[in-house]
Undergrad: 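This is the structure I want to talk about, given as structure tokens.
All values below come from the heavy atoms of this structure, side chains included, with hydrogens, waters and symmetry mates left out. Since we're looking at a predicted model, the values are computed, not measured. First listed ligand is number 1; within each ligand, the first listed atom is number 1. Throughout, residue positions are numbered sequentially from 1 according to the sequence presented.
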Amino acid sequence: MLVSTPTIKTTVLILTTDSECALFVNKLKLFEIQFVFPFFVYFLLIMGDFNSFDEDTLPDDAWKDSFDKLLEEKAALREMNLLKRDVHASFNLNSSYENSCFDITTALSEKQFKEQHMPTTPSSNVLQFGKSHLHKDKIEKTIDSVSTPSRGDVFKNPFKCALSPIGNWDSPNQKRRENSVESISFDVASSYKNDLHPSLAENVVSLQKKSSNNKLQLGSPLSLVLQNKNVNRALKNVCFDSNIVTRGSRNSPSISSQIMNKGITLQPGKWRKSLNTWRRTQSLPSGNPTKLNGDYESERKVSLTVAAHRKSISCRKHSSSEPTKTNFKRQLLGRCNQSHVLRFESAYSDPYLECCEKIGEGAFGEVFLYKSPTQKEADNVVLKIIPIEGLQLVNGEIQKTYEQILQEVVISMELCALGHENRGISFANGFVNIQAVKCVKGHYPAHLQKLWEEYDDRKESENDHPQCFMSDQIYVVLEMAFSGKDMEKFIFKNAEQSYYALQQIVFALAVGEMVYEFEHRDLHWGNILIATTNEKYICYKLKNQVISLPTKGVKATVIDYTLSRITYGDCCYYNDLSLDKDLFAATGDYQFDIYRMMRDILNDKWETFEPKTNVFWISYIISKLLNNVKYKNNRTKLHLEYIKKLRTLESTILSYKSCMDFAMNLIMDI
Ligand SMILES: Nc1ncnc2c1ncn2[C@@H]1O[C@H](COP(=O)(O)OP(=O)(O)OP(=O)(O)O)[C@@H](O)[C@H]1O
């Protein structure tokens with residue numbers, strides 16, 4: 001192999017710094033360094049002219065190609081004036097052009113882009129972006145085809161440099177790289193970098209101020225560039241101004257669309273708390289708790305007012321049983337077997353509460369387990385305590401009204417009654433067993449507050465401390481049977497076990513559909529509880545047909561009917577989500593697609609019975625069973641066999657009209 005002398009000399013010099021050495025070694029691997037290096041040493045010894053190395057050498061960074069320079073640091077970009085331009089060139093080490101989402105046939109050069117989209121005079125429909133003014137609608141249309149402005153030579157041969165071992169850059173995707181942008185840029189209505197949410201601040205690699213007096217001011221729009229590798233993390237907690245501009249998010253089209261749609265990335269599973277956290281960051285920019293984001297705050301007030309008056313029960317006209325405002329309370333007390341609201345302490349004595357421990361929490365309630373001194377599991381009771389009718393926000397949520405809690409109570413009790421085997425032509429276990437409902441009033445008991453604090457110490461509660469409740473606070477307490485662990489945390493033995501747990505859910509929903517036109521509408525894996533059982537079979541009766549389903553050692557129970565719908569008597573009990581815009585903007589899991597799928601199929605009319613929504617949730621559960629739940633034995637033949645079955649279901653599930661339809665199909669296989 002022939003190597004020119006200047007190359008050899010420069011090579012020896014470069015190897016004097018660690019970082020350069022590492023990069024260089026990578027490149028030299030292509031030349032079989034193990035062969036070349038001894039040859040260098042031998043050759044230099046023969047030359048015997050070490051002093052001449054200082055003369056006649058190339059500059060220190062001669063080995064760097066134009067891409068290396070881009071990767072290095074901001075200075076290089078600034079030197080090229082890229083940071084000040086409309087689109088920020090990438091210096092994200094982790095990205096690769098193969099991931100690019102660009103359609104190269106429609107990609108525009110910077111010049112073309114400016115010609116087509118820059119108006120001569122700014123108008124109200126123009127978004128500020130760097131120094132340019134761009135029409136919003138046009139940006140949205142061309143979002144995936146924005147070019148990175150570049151000096152032509154940078155991308156013609158991205159590895160061009162004096163010492164580059166890659167000589168002939170001829171990639172079929174070269175053009176893509178020309179057009180790729182690996183950063184996201186947008187405006188935020190916040191101020192200093194330090195005032196941003198920490199997770200965003202640490203990702204800010206460029207900050208362009210727009211204020212006239214050269215000082216960053218609160219509320220002044222900033223243009224930020226985030227490194228793509230960190231964008232997802234940053235987006236999780238960050239609130240964006242409504243006039244966010246994003247350009248060429250190439251690694252993840254979904255990130256781009258999240259921003260364009262004012263998308264919200266929520267934690268999968270119990271989404272309410274994560275949504276509330278997001279809402280809080282919207283209304284209180286970190287670092288400046290006194291200043292509210294005006295627009296968002298007024299929007300939020302409207303949505304809270306709407307939530308307070310959200311209809312949950314609607315009855316056929318002229319129905320004698322039509323509930324009115326005045327009798328929701330009476331109906332609730334009827335369900336509680338009470339003539340009036342009880343004092344908390346008379347419904348639950350101190351010795352009773354001393355046998356409790358906190359086991360869970362949701363946005364609407366704290367959940368405690370009463371452990372019976374009899375030590376019999378059947379005597380244990382789960383208490384879900386839900387504050388109602390108060391004016392103060394609890395856990396970021398407006399408290400449910402009598403009407404709204406009545407919806408949950410009626411659904412819970414009626415579905416629970418489906419488990420009684422002597423009832424009519426259908427029955428199903430699988431809905432949480434409601435033992436009693438109580439309506440109580442008063443301060444939150446001191447002992448429960450202590451349990452809340454202990455839980456907070458152990459697991460960090462996301463809820464508000466219950467000391468916030470006054471003596472006139474009303475609560476509904478659902479007393480239920482203990483039903484196991486959230487599916488999210490449960491460890492299945494293998495996929496055979498999870499496959500039969502899935503079947504249990506399908507049959508329960510099928511019976512619910514048949515008897516009550518039931519749709520769960522929020523069946524994420526935090527709302528399915530799994531317990532181990534010694535029973536070999538669980539029985540269901542569907543259209544007069546009794547089905548014995550093997551348990552394979554587990555029992556699945558569906559909980560939390562906050563969003564559910566049933567038809568009972570002449571009334572429909574449901575939750576009108578049509579004004580809950582934030583939920584439909586959420587991303588971060590297939591779960592959040594399901595809310596949009598439901599809204600679409602229901603035409604945003606939440607009173608309507610459409611059992612396909614249950615099928616959507618089953619499809620979500622199948623995907624969780626395949627991709628997310630934990631398995632103890634995941635290498636056995638049996639496990640793989642059932643994974644295959646689940647995959648088959650995954651590909652066919654959305655063709656069913658309802659769980660009833662699906663269950664009928666499963667019966668043939670049993
Ligand atoms: N019957 C039960 N057996 C065992 N654990 C339960 C039971 N009911 C509730 N839990 C636990 O309490 C948690 C909260 O309950 P639940 O989902 O009913 O509350 P929520 O306020 O309606 O929640 P969300 O925030 O989803 O609206 C559950 O995730 C579960 O861990």
Undergrad: Would you mind running through ligand 1 and noting each atom that sits below 4.0 Å from a heavy atom of Val432?
TA: 1 (N)

Undergrad: Are any of the N/O atoms on Ile559, whether in the backbone or the side chain, positioned under 3.5 angstrom from an N/O atom of ligand 1?
TA: no

Undergrad: Could you list the atoms of ligand 1 found under 4.0 angstrom from a heavy atom of Met480?
TA: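 Answer for ligand 1: 1 (N), 8 (N).
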
Undergrad: Between Phe364 and ligand 1, does any nitrogen or oxygen pair lie at a separation below 3.5 Å?
TA: yes

Undergrad: If you count the atoms of ligand 1 from 1 in the order shown, which ones are under 4.0 Å from a heavy atom of Val367?
TA: 9 (C), 10 (N), 12 (O), 14 (C), 15 (O)

Undergrad: Is it the case that ligand 1 has an N or O less than 3.5 angstrom from some N or O of Lys384?
TA: yes

Undergrad: Evaluating non-hydrogen atoms only, which member of Gly365, Ala481, Ala531 is closest to atom 1 (N) of ligand 1?
TA: Ala481

Undergrad: So between Ile386, Leu529, Asn433, whose heavy atom ends up nearest atom 4 (C) of ligand 1?
TA: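 Among Ile386, Leu529, Asn433, the closest heavy atom to atom 4 (C) of ligand 1 comes from Leu529.
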
Undergrad: Minimum distance, heavy atoms only, to atom 13 (C) of ligand 1: which one of His524, Lys358, Glu361 is it?
TA: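 Going through His524, Lys358, Glu361 one by one, Glu361 has the nearest heavy atom to atom 13 (C) of ligand 1.
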
Undergrad: Can you confirm whether Leu478 sits close enough to Leu383 that some side-chain heavy atom of one is under 4.5 Å from a side-chain heavy atom of the other?
TA: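 Result no, sub-4.5 Å side-chain heavy-atom pair not found.
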
Undergrad: From Ile474 CD1 over to Ile405 CD1, what is the distance, rounded to the nearest 0.5 angstrom?
TA: 12.0 Å

Undergrad: Around Glu377, counting heavy atoms of other residues, nucleotides and ligands shown, do more than 12 lie under 6.0 Å from its CD?
TA: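 Atom CD in Glu377 is not packed in, count stays at 12 or less.
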
Undergrad: Given the rule in the side chain to side chain donor-acceptor pair (under 3.5 Å) test, do Glu389 and Gln473 qualify, once you have shown the distances and angles that lead to the verdict?
TA: CA-CA 8 Å; Glu389 285 286 326; Gln473 178 66 50; over 6 Å; no

Undergrad: Is the closest N or O pair between Asp560 and ligand 1 shorter than 3.5 Å?
TA: yes

Undergrad: Using a 4.0 Å cutoff against the non-hydrogen atoms of Thr562, which atoms of ligand 1 qualify?
TA: 22 (O)

Undergrad: Cation-pi between Arg596 and Phe584: NZ/CZ under 6.0 Å from ring centre and within 45° of the ring axis?
TA: no

Undergrad: Is the count of non-hydrogen atoms from other residues, nucleotides or ligands lying under 6.0 Å from Lys450 atom NZ greater than 12?
TA: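 Counting neighbours around NZ of Lys450, 12 or fewer heavy atoms of other residues, nucleotides or ligands fall under 6.0 Å, so no.
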
Undergrad: Relative to Tyr499, does Lys645 satisfy both conditions: NZ or CZ under 6.0 angstrom from the six-membered ring centre, and within 45 degrees of the ring's axis?
TA: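 Flagged: Lys645 positioned over aromatic ring of Tyr499.
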
Undergrad: Under a 4.0 angstrom heavy-atom cut-off, which atoms of ligand 1 come close to Asn527?
TA: 17 (O)

Undergrad: Count the heavy atoms belonging to other residues, nucleotides or ligands that lie under 6.0 Å from CD1 of Ile491, then report whether that count exceeds 12.
TA: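 Incorrect, the count does not exceed 12.
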
Undergrad: Check each atom of ligand 1 against the heavy atoms of Gly526 and keep those under 4.0 Å away; list them by number with element.
TA: 29 (O)

Undergrad: Find out whether the Lys NZ or Arg CZ of Lys438 is both under 6.0 angstrom from the six-membered ring centre of Tyr348 and within 45° of the ring's axis.
TA: yes

Undergrad: Below a 4.0 angstrom heavy-atom separation, can you tell me which part of Thr557, side chain or backbone, both or neither, approaches ligand 1?
TA: neither

Undergrad: Determine, stepwise, if the pair Ser372 / Asn380 fulfils side chain to side chain donor-acceptor pair (under 3.5 Å).
TA: CA-CA 5 Å; Ser372 165; Asn380 294 349; 4.9 Å; no

Undergrad: Which atoms from ligand 1 have a heavy atom of Gly484 less than 4.0 Å away?
TA: 4 (C), 5 (N)

